[in-house]
Undergrad: 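Below is a structure I'd like to ask you about.
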Amino acid sequence: MVAITLPDGSARQFEAGVSGAQIAEAIGAGLAKAALAVRVDGVMKDLAVTISHDARVEIITRRDEDALELIRHDAAHAMAQAVKELYSDTQVTIGPAIENGFYYDFSRDEPFTPEDLERIEERMHVIVDRDDPITREVWDRDEAVAFFEQAGEHYKAEIIAGIPADEQVSLYRQGDFVDLCRGPHLPSTGKLGKAFKLMKLAGAYWRGDSRNEMLQRIYGTAWAKKKQLDAYLHRLAEAERRDHRRLGRALDLFHIQEEAVGMVFWHPKGWTIYRLLTDYVRRKLSKAGYEEVNTPQLVDRSLWEASGHWEKFREHMFTAESDERILALKPMNCPCHVQIFRQGVKSYRDLPLRMAEFGTCHRYEPSGALHGLMRVRGFTQDDAHIFCTERQITEESKAFCALALEVYGDFGFTDVAVKFADRPPVRAGEDEVWDRAEAALTTAVEATGLDYTANPGEGAFYGPKLEFVLRDAIGREWQCGTLQVDFVLPERLDAAYVGEDGERHRPVMLHRAVLGSIERFIGILIENHSGHLPIWLAPVQVVVATITHDGDDFARQVARTVGAAGMRVALDISNEKIGFKVRLHSVAKIPLLFAIGKREAAEGTVAIRRLGSKDQEILALDEAVARLEKEATPPA
RNA sequence: GCCGGAUUAGCUCAGCUGGUAGAGCAACUGAUUUGUAAUCAGUAGGUCGGCGGUUCGAAUCCGUCAUCCGGCACCA
């Protein structure tokens, strides 16, 4: 007998070898019917798994959070089965559950069409209706390889061949479809339900390597209930509505055109946001002891060879030829900053030296990577390099983390994750140097007291880094800030200072940015706020709109007063009804509308309507300006 | 860069199997003087992404290039 402890704390005795399904049945017929899988001592398993030791057991139903993982994984299998039934010349590869759904990668000579997707989805419904049992089988590895080879499933065979020879593999069978899988799975295809939808077709490289064959990936979404599916589709539509490319056009902020692919034409309103952002950062940096510099756009290739960029990133650099020399548009600012550092003799007394630049860089990004403001070929970073001694790293890192979090807070981002990215497989510098750099950064991040997670192998080629990841209003993550410890570049570019001992020493360089790319950050802000920016960032903060022409004179006076108070204001005295004006300026995301009718003109008041609010507030003009001034002013 | 899809008026889109283009909004003009998310009427606007081909005839079929969109790969 084994003792099974249930989630409510009660324990029951069962014969050893009892299955999850039998336990569910013993609890109740309803639960047995709803059961999808079982959690044994915290580990999710098939319902059919037998238990021969004392254990804590939970029966998993559709209501369970973890049921989604099962449903999505089974949806992937059902899709693969549907594809094999409809297009038998197709080879299956892998198909995992992912956030919000699943995908499966197929190999087939002919491309799938959107119509094929409809057919596949229909067939998946048929498979669910069949309610075939899903059963687990344990095979010998070599037998499994032979089985899939013989079935013409060469990718599957390759995967299994990669498993150690003495290991057994588990296969799952549903109807005529057999797939290699670790499991767990639902007990039958009917339990999958029908809250799924195939979403899109995409290409994907076999084993994620661009040197390999391109497979066809079909993405789907799957949920426990129809309602959840509908809610998800609604969320997608919402995300589309806040797309910064759409809003950028609608709000007349910027555009990009064929003659300058990946480069931004900023319109007056967009450039206002851009200037507000950079002016804000400038004030923050100045307070934090940074000095601003500016460096050349075109620099001879010899500098990039010395820095190591030419070797690693040559294909991603724009170059120009002049006077028989090859120049490169700078892809980053650090080598130029070192050149400024190298002017004159630096003493330990000059350190830490914090050199900032709104550095405009150009990178030849692969065409498929371009995406609105989020991934461009010409962009400006709020970049800075701190030249310091090894002992100053901790203090400077602490100060930087505090600064970064303060800035994010000013933009309303309070959910910020920190990741520690350590040495990548391909890198510059000796391991001994990396040991020191990683140790120094670890000490520094520990000193900040911030929680952080590891991001192994993702460091820059010259040093480890901290990454600051913002979570936006709809839960998406954006990596913005970075802090990188670099022992390599000062060496390569021969930066030195004279220490207390009168000897030459290498400074350490801390590469750091808070917003990252200004262009991208503006894109993130637009999407985070759906274009409804905080008042201090709005290109036009107030529209003064008249109800009839009787209010025109007063409206002009109001606009002058508001403008004189330093707010960005526009006047609307067109021949339109106030309802039309409210709609027009709401759609344009103007945060404040001052309506001026006969009453207001007579009493010297304004009727204030805030974007998104149905109410209005009537205030004397002076009081209105006094009250709104603070909101309209950038944070200190 | 790779796979798939798309490109028609300023924007969003329609145009069936080839017979020389259409709507809504925006714009412009006029009327309307209006109290919180669309007042009415009229006018104008297009080498159908570029080039080449098939055809009596191409927005429509074929090829090619470019750009965009979705993924993949990349991201100093």
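The figures here come from the full heavy-atom set of this structure, side chains too, leaving out hydrogens, waters and symmetry mates. Keep in mind that what you see is a predicted model, and the values were worked out from it rather than measured. So that the names make sense, note that chain A is the first sequence line, chain B the second, and so on, each numbered from 1.
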Undergrad: Report yes or no: does A:Gln541 contribute a side-chain atom to a donor-acceptor pair with the main-chain N or O of A:Ile535 at less than 3.5 Å?
TA: yes
Undergrad: With respect to the side chain of A:Glu258, which nucleotide from B:rA76, B:rA66, B:rG70 is positioned closest?
TA: B:rA66
Undergrad: Could you check which nucleotide pairs with B:rG1 in any of the strands shown, counting Watson-Crick or G-U wobble with both distances under 3.5 Å?
TA: B:rC72
Undergrad: Would you mind reporting whether A:Phe341 and A:Pro507 have side-chain heavy atoms less than 4.5 Å apart?
TA: yes
Undergrad: Could you check whether A:Lys598 gets within reach of a base, just the sugar-phosphate, or nothing at all, counting any heavy atom under 4.0 Å?
TA: base
Undergrad: Is there a donor and acceptor pair closer than 3.5 Å between the side chain of A:Arg375 and the base of B:rC74?
TA: yes
Undergrad: Do any side-chain atoms of residues 295-302 of chain A form donor-acceptor pairs under 3.5 angstrom with protein atoms, and if so which ones, sequence neighbours left out?
TA:
{"unit_1": "A:Thr295", "atom_1": "OG1", "unit_2": "A:Lys330", "atom_2": "NZ", "d": "2.7"}
{"unit_1": "A:Thr295", "atom_1": "OG1", "unit_2": "A:Glu357", "atom_2": "OE1", "d": "2.9"}
{"unit_1": "A:Thr295", "atom_1": "OG1", "unit_2": "A:Glu357", "atom_2": "OE2", "d": "3.1"}
{"unit_1": "A:Gln297", "atom_1": "NE2", "unit_2": "A:Thr360", "atom_2": "O", "d": "3.4"}
{"unit_1": "A:Asp300", "atom_1": "OD1", "unit_2": "A:Ser302", "atom_2": "N", "d": "2.9"}
{"unit_1": "A:Asp300", "atom_1": "OD1", "unit_2": "A:Ser302", "atom_2": "OG", "d": "2.9"}
{"unit_1": "A:Asp300", "atom_1": "OD2", "unit_2": "A:Arg325", "atom_2": "NE", "d": "2.9"}
{"unit_1": "A:Asp300", "atom_1": "OD2", "unit_2": "A:Arg325", "atom_2": "NH2", "d": "3.2"}
{"unit_1": "A:Arg301", "atom_1": "NE", "unit_2": "A:Glu305", "atom_2": "OE2", "d": "2.7"}
{"unit_1": "A:Arg301", "atom_1": "NH2", "unit_2": "A:Glu305", "atom_2": "OE2", "d": "2.9"}

Undergrad: Can you find a heavy atom in the side chain of A:Ile474 that is under 4.5 Å from one in the side chain of A:Arg235?
TA: no
Undergrad: Quickly work out the A:Arg217 CZ to B:rG71 P distance and round it to whole Å.
TA: 11 Å
Undergrad: Do nucleotides 36-48 of chain B as a string where each nucleotide becomes B, S or -: B if the base has a protein heavy atom under 4.0 Å, S if just the sugar-phosphate does, - if no protein is that close.
TA: BBBB---------
Undergrad: For B:rU33, which nucleotide in any strand shown is its Watson-Crick or wobble partner with both distances under 3.5 Å?
TA: none
Undergrad: Would you say the side chain of A:Ser586 lies within less than 4.5 Å of the side chain of A:Leu611, judging by non-hydrogen atoms?
TA: yes
Undergrad: Output yes when a side-chain donor or acceptor of A:Trp271 lies under 3.5 Å from a complementary backbone atom of A:Phe254, and no otherwise.
TA: no
Undergrad: Quick check: does any side chain N or O of A:Glu527 sit under 3.5 Å from a backbone N or O of A:His244, one acting as donor and the other as acceptor?
TA: yes
Undergrad: Using the closest heavy atom to pick a nucleotide of RNA chain B for each, name whichever of A:Gly262 or A:Ala204 lands nearer the 5' end.
TA: A:Gly262
Undergrad: Can you confirm if the NZ or CZ of A:Arg436 lies within 45° of the ring axis of A:Phe487 and under 6.0 Å from the centre of its six-membered ring?
TA: yes
Undergrad: For nucleotides B:rG57 and B:rG30, find the distance between their P atoms and express it as a whole number of Å.
TA: 48 Å
Undergrad: For atom C1', what is the distance between B:rU20 and B:rU55, given to the nearest Å?
TA: 14 Å
Undergrad: With rounding to whole Å, what would you report as the distance between B:rC13 and B:rC69 at their P atoms?
TA: 14 Å
Undergrad: When rounded to the nearest Å, what value does the distance between C1' atoms of B:rG45 and B:rG5 take?
TA: 30 Å
Undergrad: Taking atom C1' in both B:rC75 and B:rA14, what distance in whole Å separates the two?
TA: 40 Å
Undergrad: Is A:Phe112 stacked on the base of B:rG4, with ring centres under 5.5 Å apart and planes under 30° apart?
TA: no
Undergrad: Base, sugar-phosphate alone, or nothing: which one does A:Gly308 contact when heavy atoms must sit under 4.0 Å apart?
TA: nothing
Undergrad: May I ask which nucleotide in the shown strands pairs with B:rC13, Watson-Crick or G-U wobble, both distances under 3.5 Å?
TA: B:rG22
Undergrad: Report the base-pairing partner of B:rU67 (Watson-Crick or G-U wobble, both distances below 3.5 angstrom), or none.
TA: B:rA6
Undergrad: If pairing requires Watson-Crick or G-U wobble contacts with both distances under 3.5 Å, which nucleotide is the partner of B:rU47?
TA: none
Undergrad: Do A:Gln216 side-chain atoms and A:Leu201 backbone N/O form a donor-acceptor pair below 3.5 Å?
TA: no
Undergrad: Among B:rA76, B:rG35, B:rG71, which nucleotide has an atom closest to any side-chain atom of A:Met214?
TA: B:rG71
Undergrad: Distance check needed: B:rG35 P versus A:Arg599 CZ, whole Å only.
TA: 11 Å
Undergrad: Calculate the interatomic distance between A:Tyr103 atom OH and B:rC72 atom P; express it in whole Å.
TA: 9 Å
Undergrad: Charged N to carboxylate O below 4.0 Å: is that the case for A:Glu396 and A:Arg354?
TA: yes
Undergrad: With rounding to the closest Å, how many angstrom separate the P atoms on B:rG71 and B:rC11?
TA: 23 Å
Undergrad: Please give the distance between the C1' atoms of B:rA66 and B:rA23 as a whole number of Å.
TA: 29 Å
Undergrad: Please classify the nucleic acid contact of A:Lys200 as base, sugar-phosphate, or nothing, using heavy-atom distances under 4.0 Å.
TA: sugar-phosphate
Undergrad: OP1 or OP2 of B:rG1 sitting under 4.0 Å from any side-chain N/O of A:Ser367?
TA: yes
Undergrad: Mind checking A:His371 for me? I need base, sugar-phosphate or nothing, with any heavy atom below 4.0 Å counting as a touch.
TA: sugar-phosphate
Undergrad: Across the strands shown, which category fits A:Tyr462 at heavy-atom distances under 4.0 angstrom: base, sugar-phosphate, nothing?
TA: sugar-phosphate
Undergrad: Taking atom types as they are modelled, is there a donor-acceptor pair under 3.5 Å from the base of B:rG1 to the side chain of A:Tyr205?
TA: yes
Undergrad: Just by distance, no angles: are the side chains of A:Asn575 and A:His549 close enough, under 3.5 Å, to form a donor-acceptor pair?
TA: yes
Undergrad: Using a cut-off of strictly less than 4.0 Å, decide whether A:Tyr364 has a side-chain nitrogen or oxygen near OP1 or OP2 of B:rC75.
TA: no
Undergrad: Looking at every strand, decide which applies to A:Ser210 at a 4.0 Å heavy-atom threshold: base, sugar-phosphate, or nothing.
TA: sugar-phosphate
Undergrad: Would you mind reading off the distance between A:Lys581 atom NZ and B:rU32 atom C1', rounded to a whole angstrom?
TA: 13 Å
Undergrad: Find which nucleotide of RNA chain B each of A:Ile596 and A:His309 is nearest to by heavy atoms, and output the residue with the more 5' nucleotide.
TA: A:Ile596
Undergrad: Determine which nucleotide pairs with B:rG42, using a 3.5 Å limit on both distances of a Watson-Crick or G-U wobble pair.
TA: B:rC28
Undergrad: Please measure how far the P atom in B:rU34 lies from the corresponding atom in B:rG70, and state the result in whole Å.
TA: 48 Å
Undergrad: Could you state the CG-P distance from A:Leu117 to B:rG70, rounded to the nearest angstrom?
TA: 17 Å
Undergrad: Please give me every residue in residues 240-254 of chain A whose heavy atoms get under 4.0 Å of an atom in RNA chain B, ordered by residue number.
TA: A:Arg245, A:Arg249
Undergrad: What is the distance, rounded to the nearest whole Å, between atom CZ of A:Phe554 and atom P of B:rG35?
TA: 19 Å
Undergrad: Validate the cation-pi geometry between A:Arg471 and A:Phe413: distance from NZ or CZ to the six-membered ring centre under 6.0 Å, angle to the ring axis within 45°.
TA: no
Undergrad: Taking atom CD of A:Glu110 as the centre, does the number of heavy atoms from other residues, nucleotides or ligands within less than 6.0 Å exceed 12?
TA: no
Undergrad: Taking any heavy-atom pair under 4.0 Å as a contact, classify A:Pro331: base, sugar-phosphate, or nothing.
TA: base
Undergrad: Would you mind reading off the distance between A:Asp109 atom CG and B:rC3 atom P, rounded to a whole angstrom?
TA: 14 Å
Undergrad: A:Phe265 CZ to B:rG10 P: how many Å, rounded?
TA: 18 Å
Undergrad: Return the nucleotide paired to B:rU55: Watson-Crick means purine N1 to pyrimidine N3 with N6-O4 or O6-N4, wobble means G-U with N1-O2 and O6-N3, both under 3.5 Å.
TA: none
